[in-house]
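A quick write-up on the structure given underneath.
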Amino acid sequence: MQIIRDIAMLHRAVTALKLGGKSVALVPTMGSLHDGHLSLVRLAKRVADHAVVSIFVNPTQFGPNEDYAAYPRDEARDAALLVEEGTSLLWAPDVATMYPGGHSTHIEVAELGADYCGAARPGHFDGVATVVAKLFNQVRPDIAIFGEKDWQQLAIIRRMARDLDFAIDILGAPIARDSDGLALSSRNAYLSAEQRAAATAFPAALTAAAKAIAGGADVGETLAKAGRAIIEGGFDSVDYVALADAESLERLTSLRAPARLLAAARMGKTRLIDNLPVG
């Protein structure tokens, strides 16, 4: 596996990977890889000739009081895992390479980024959209793969790619979960053993709510019940529990397909997100 940190070298390496009409799939990550990330790499290898993974902890998507400095980083471990998966290239730029002096351009996907995590984390999705657009231009993949765990992010990237005419297929990969149902996340490492055990209340509440709504239960009452169950399970607060149109992210008061149940909750200093299809 090649590990590259220079953009000119990256362009030459990707050009070489594409010789003979070979295809490239990009998996953007912030490192601290777990099996959820690796499932994306495995999908990349199924749908393209070469898997390229980027690792970059993007400062522009963190707020002033968020965990940018503390975000877990272990490139050597991550690289070893990627070698085991048969990754062709690891793109691992530093901040100066991604945002050279005088960088002053950002991308805003206005409507899709305003609610949910966008409301709780102002500017977050501007940072995501900007860094993903840069990664698309740097790597020039044929396919890009993102996990469905951050459904709002996936919807925003799909809209950005469409609006800005990126000739890239955007694939969403199913959420990887532990055996007890909790969605895999790098931030799960922040949870104590006691918190980790209590965190299962989150997916359990969403599963019950999705089943109830699909069965005809009142949406508002069901969402309120899910929020209470999350708090009673040991979470300190709930940012949102919402039923949304899966593409436009419009909040729904009654079920219509395709719909997605979206939620975010906080336990101690850790903020977790999750979502489920409904109906």
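Numbers for residues simply follow the sequence, beginning at 1.
- Linking ILVMFWY side-chain heavy atoms closer than 4.5 Å, directly or via other members, places F56 and I4 in a single hydrophobic cluster.
- Under 4.0 Å is where a charged nitrogen must lie from a carboxylate oxygen, and between R271 and D239 at least one such pair does.
- Listed for the K45 side chain is a donor-acceptor partner under 3.5 Å among the backbone atoms of G86.
- Cluster annotation: L26 is not connected to L40 through the hydrophobic network of ILVMFWY side chains, with a link wherever side-chain heavy atoms come within less than 4.5 Å.
- For NZ of K18, the number of neighbouring non-hydrogen atoms (other residues, nucleotides, ligands) closer than 6.0 Å is greater than 12.
- A salt bridge links R196 to D180: at least one charged side-chain nitrogen sits closer than 4.0 Å to a carboxylate oxygen.
- A salt bridge between D245 and R251 is absent, with no side-chain N of the basic residue lying under 4.0 Å from a carboxylate O of the acidic one.
- Of the charged side-chain nitrogens involved, at least one lies within less than 4.0 Å of a carboxylate oxygen, so that E250 and R256 count as a salt-bridged pair.
- Using modelled atom types, no side-chain atom of T87 and backbone atom of L89 make a donor-acceptor pair closer than 3.5 Å.
- A salt bridge does not link D126 to R121: none of the charged side-chain nitrogens sits closer than 4.0 Å to a carboxylate oxygen.
- Judged by a 6.0 Å distance limit and a 45° cone about the ring axis, R266 is not positioned over the six-membered ring of Y190.
- Between the side chains of S23 and D49, at least one donor N or O sits under 3.5 Å from an acceptor N or O.
- Without hydrogens or angle criteria, D274 side chain to A264 main chain gives no donor-acceptor distance under 3.5 Å.
- For the pair Q152 (side chain) and L112 (backbone), a donor-acceptor distance under 3.5 Å is present.
- Ring geometry for H103 versus Y99: interplanar angle over 60°, hence perpendicular rather than tilted (30 to 60°).
- For E85 and R42, the salt-bridge test passes: some basic side-chain N is under 4.0 Å from an acidic carboxylate O.
- Checked by atom type and distance alone, the side chain of R159 never pairs as donor or acceptor with a backbone atom of I156 at under 3.5 Å.
- A salt bridge does not link E247 to R260: none of the charged side-chain nitrogens sits closer than 4.0 Å to a carboxylate oxygen.
- H11 contributes a side-chain N or O that, together with a main-chain N or O of Q138, makes up a donor-acceptor pair within less than 3.5 Å.
- Of the possible polar contacts, one joining the D142 side chain to the V24 backbone as a donor-acceptor pair under 3.5 Å is found.
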